> 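Below is the structure I would like to discuss, written out as structure tokens.
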Amino acid sequence: MNRSILQSAGLAIGYGRPVLSGIDLDFGPGQFIALLGPNGAGKTTLLRTLSRHIRPLAGEIRLLGQDLNAIAALDLARIVSVCLTDNARPPLLSVGEFVALGRYPHTGFMGRLSARDAEVVGESLDAVAAGGLAGRLVEQLSDGERQKAILARALAQEPRLMLLDEPTAHLDLKHRVEVLGILRALCRAKGLTVLASLHDVDIAAKIADGVLLVGDGRVCGQGLPEAVLTSEKVASLYGFAAADFDGRLGGIEFRGDGRAGKAFVIAGRGTGATLFRLLSKKGWSIETGVFDEGDLDAFVAAALGAKSHVHRPGESADDTLAAALTALSACDMVIDGGGAGDEADALRARAARRGLPLLGLAGARAPTAACASVAELSAAIDRIDRIRGRPQWAA
Amino acid sequence: MPPIAQTRTLPARAAPIVPVSRRAGVFAALLALTAVMMALNLRIGSISYSVDQLLGALLDPAGKSDVAYIVWNIRLPRTIAAALGGAFLAVSGLLLQVYFRNPIVGPFILGISSGSTVMVSLVMLTSIGMGFSGYAPYLNTIASCLGAYGVTALIVAIAARVRGGATLLIIGLMMGYLCGAATSILTALAEKEAIKGFVLWQMGSFSGFKWIEVWIMLVLGGLILGGAYLMSKPLNALLLGEDYAASMGVDIRRFRVSILLLASSLAGLVTAVAGPVAFIGLAVPHMARLSLGTSDNRVLLPGAALAGALIASLCDLIARMWLSPVELPLSAITAFFGAPVVICLLLKRGRPS
């Protein structure tokens with residue numbers, strides 16, 4: 001039996017001229033697919049082609065095994081529903097009436113709602129946690145509330161496949177997390193397939209069952225986010241220069257330009273991660289150590305382009321420490337993450353002997369200048385910056 | 001009864017804001033007021049009749065009295081025409097507002113009535129009509145509808161290339177100017193006798209309707225109103241825009257043509273006889289929307305038709321009686337109603353949210 005919801009082969013799409021070509025898709029039931037790509041890559045065009053708003057230039061699309069073009073309009077509406085970026089704000093329409101419009105392909109000639117239709121409308125509102133909005137006017141909703149109403153309308157159509165164009169645009173973090181969580185729960189609970197264009201690679205990596213990467217006129221990758229969203233792929237897709245996506249951390253890290261100077265961070269067991277980001281934002285290039293391979297600090301440091309002194313099994317611990325001490329001596333500043341251990345103590349001792357500025361948070365072991373909070377530490381780093389003759393904000 | 005009780009049950013979750021009971025009240029009030037207004041239009045005039053005289057004349061269409069003559073040949077056709085004309089213009093405006101998803105459009109402001117005017121002036125002012133004299137009562141209607149279709153097609157073609165509701169207004173105004181220019185050239189070239197009737201017609205008036213013209217309006221317009229009502233389900237889907245409507249199963253291409261044909265036919269039907277009547281098509285749908293508290297076209301279409309009949313009857317009464325015996329141009333009265341509505345809508349739209 002054919003378990004596929006949506007398939008395409010050799011699909012080319014665009015308005016006259018192809019925007020994307022060679023698209024081969026195969027989505028199963030219950031999958032949440034994130035459509036990723038830079039602006040103008042053809043994400044909206046692809047969604048509009050799959051919803052039959054525009055015709056493909058070449059290739060074929062099969063929905064539940066049938067040719068998309070051969071499906072009658074009302075039958076199609078019972079299989080696919082959409083959420084568009086079009087800002088639908090009909091006047092004097094209650095959210096209940098708005099969601100009830102989604103019953104269109106299920107109601108009779110005059111659109112009268114049966115008891116079952118009304119039930120589905122209520123369920124759809126509840127599914128997006130918008131039950132309390134039913135009596136409000138659509139035009140008076142906030143962006144987040146309206147997005148929920150739009151989702152509820154699409155759900156009321158009782159589709160097998162939902163095509164969503166940037167369902168989280170204009171939403172704050174709370175609503176963004178909420179809306180995507182709702183969508184994923186629907187995929188799990190109802191076997192609904194969702195294809196949604198998203199802008200946040202990091203959120204997509206964490207929520208989607210599959211990703212579809214488009215850019216440069218083709219599909220650059222598809223499959224499990226864990227396999228597809230590699231650092232190189234994301235960087236080349238979006239043309240990152242000063243940032244990096246780390247699949248293991250599942251986030252984007254911004255690299256410093258290194259012009260502020262070089263700092264050594266005594267880190268390990270995650271004590272350095274936030275310090276790296278702080279320094280990186282302030283434009284420092286970073287060296288760090290000494291910790292074991294696989295330490296959280298090692299991943300964050302790598303994503304930020306910092307050089308780590310990592311102790312690998314089978315290598316001499318002394319050699320690693322010696323290299324770290326040499327590197328520390330060449331730095332302009334030392335930040336103490338507060339880790340315990342002989343290696344950390346040796347690094348601190350070297351910093352003190354060399355007379356390097358040694359900063360750290362209170363509670364860290366014997367730093368020259370212990371700061372009570374991260375804010376104080378940040379200010380202290382800025383002071384060192386100024387002493388070194390590179391004012392932070394002045395031209 | 002408080003409406004809160006019923007919004008809690010599950011089927012009522014899809015319910016509108018305004019309770020159904022209030023809607024029924026609004027409809028009853030509209031019906032009653034329209035009936036009263038039509039009765040007043042029959043009774044009051046340069047000669048006013050008592051209710052007895054009026055009833056007597058109405059019950060005796062073949063009567064030889066002056067009352068019977070005036071009621072049956074002047075006042076009744078005019079009263080019916082005013083009510084029908086108002087209803088048609090209101091529904092035409094409502095259809096256009098749904099189609100363009102823009103509350104500030106109507107057949108007059110988009111220049112559709114002006115398109116009708118040009119075509120009717122061709123018939124009334126030139127000898128083109130001579131060749132078709134056998135079709136006399138229908139000729140104006142046909143010409144008027146053709147003119148309406150022409151301008152509608154142009155507006156739609158241009159509207160596809162521009163964004164923004166205010167732009168659409170300007171395009172409509174330009175259409176009006178272009179058609180006005182063409183009409184004035186035709187007027188300049190026309191013979192004196194033809195001009196007088198034309199100028200009177202152009203100012204807009206429900207006077208001088210012949211029974212055959214009333215019947216044309218009643219039959220054709222009634223069919224169109226029925227057709228529009230049968231399309232209320234896809235019209236509701238169109239509230240969300242064409243893309244959403246298409247995704248819900250509306251055959252958008254065929255539907256688009258149908259709406260525009262119905263809307264311009266209604267405007268054409270009225271303009272053919274009553275002349276271009278301003279603002280009813282624009283303002284009345286809003287009055288209906290606000291009083292019924294919904295955008296649901298299944299409710300709004302009959303509501304707008306009734307409200308249109310009421311407002312047009314009222315405007316006609318004012319036009320006839322305000323400075324009696326001088327009869328004022330109908331469009332002057334309707335503009336006093338409609339123009340403030342447009343300004344309010346523009347202010348509301350421009351207000352930062």
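Chain letters run A, B, ... following the sequence lines, proteins first, then strands; residues in each count from 1. No experiment lies behind these values; they were computed from the predicted model shown.
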> Show the nearest heavy-atom pair for residues B/G249 and A/Y104, with the distance to one decimal.
C-CE2, 4.3 Å

> Say whether, by atom type as modelled, one donor and one acceptor occur between the side chain of A/E97 and the main chain of B/S295 under 3.5 angstrom.
no

> Just how far is it from atom CG of A/L163 to atom OG of B/S247, taken to the nearest 0.5 Å?
9.5 Å

> Check whether A/I150 gets within reach of chain B through its side chain, its backbone, both or neither, counting any heavy atom under 4.5 Å.
side chain

> Return yes if some donor-acceptor pair links the side-chain N/O of B/Y244 with the main-chain N/O of A/G102 below 3.5 Å, else return no.
no

> Select, from B/D251, B/L230, B/L239, B/D243, the one with the greatest count of heavy-atom pairs under 4.5 Å involving chain A.
B/D243

> Taking atom CZ of A/R78 as the centre, report whether more than 12 heavy atoms of other residues, nucleotides or ligands fall under 6.0 Å from it.
yes

> CE of B/M248 to OG1 of A/T107: how many Å apart, nearest 0.5 Å?
10.0 Å

> Please flag which part of A/R103 lies under 4.5 Å from any non-hydrogen atom of chain B: side chain, backbone, both or neither.
neither

> Within this structure, what is the CG-CG distance for the pair B/L292 and A/L92, rounded to the nearest 0.5 Å?
10.0 Å

> Could you tell me which portion of A/L74 (side chain, backbone, both or neither) has an atom closer than 4.5 angstrom to a non-hydrogen atom of chain B?
both

> For chain A, which candidate among B/A245, B/P234, B/A237 shows the most heavy-atom pairs at distances under 4.5 Å?
B/P234

> Taking A/H53, A/R112, A/Q157, A/R153 one by one, which has the highest count of heavy-atom pairs under 4.5 Å against chain B?
A/H53

> Check each atom of A/S114 against the heavy atoms of chain B and say whether the ones under 4.5 Å are side chain, backbone, both or neither.
neither

> Show the nearest heavy-atom pair for residues B/S232 and A/M110, with the distance to one decimal.
OG-CE, 3.3 Å

> Could you tell me the separation between the CG atom of B/L240 and the CZ atom of A/F98, rounded to the nearest 0.5 Å?
5.0 Å

> Within 45° of the ring axis of A/F109 and under 6.0 Å from its six-membered ring centre, is that where the NZ or CZ of B/K233 lies?
no

> Which region of B/R289, side chain (C-beta onward) or backbone (N, CA, C, O), has a non-hydrogen atom less than 4.5 Å from a non-hydrogen atom of chain A, or is it both or neither?
both

> Between A/V82, A/D117, A/V138, which has the largest tally of heavy atom pairs under 4.5 Å with chain B?
A/V82

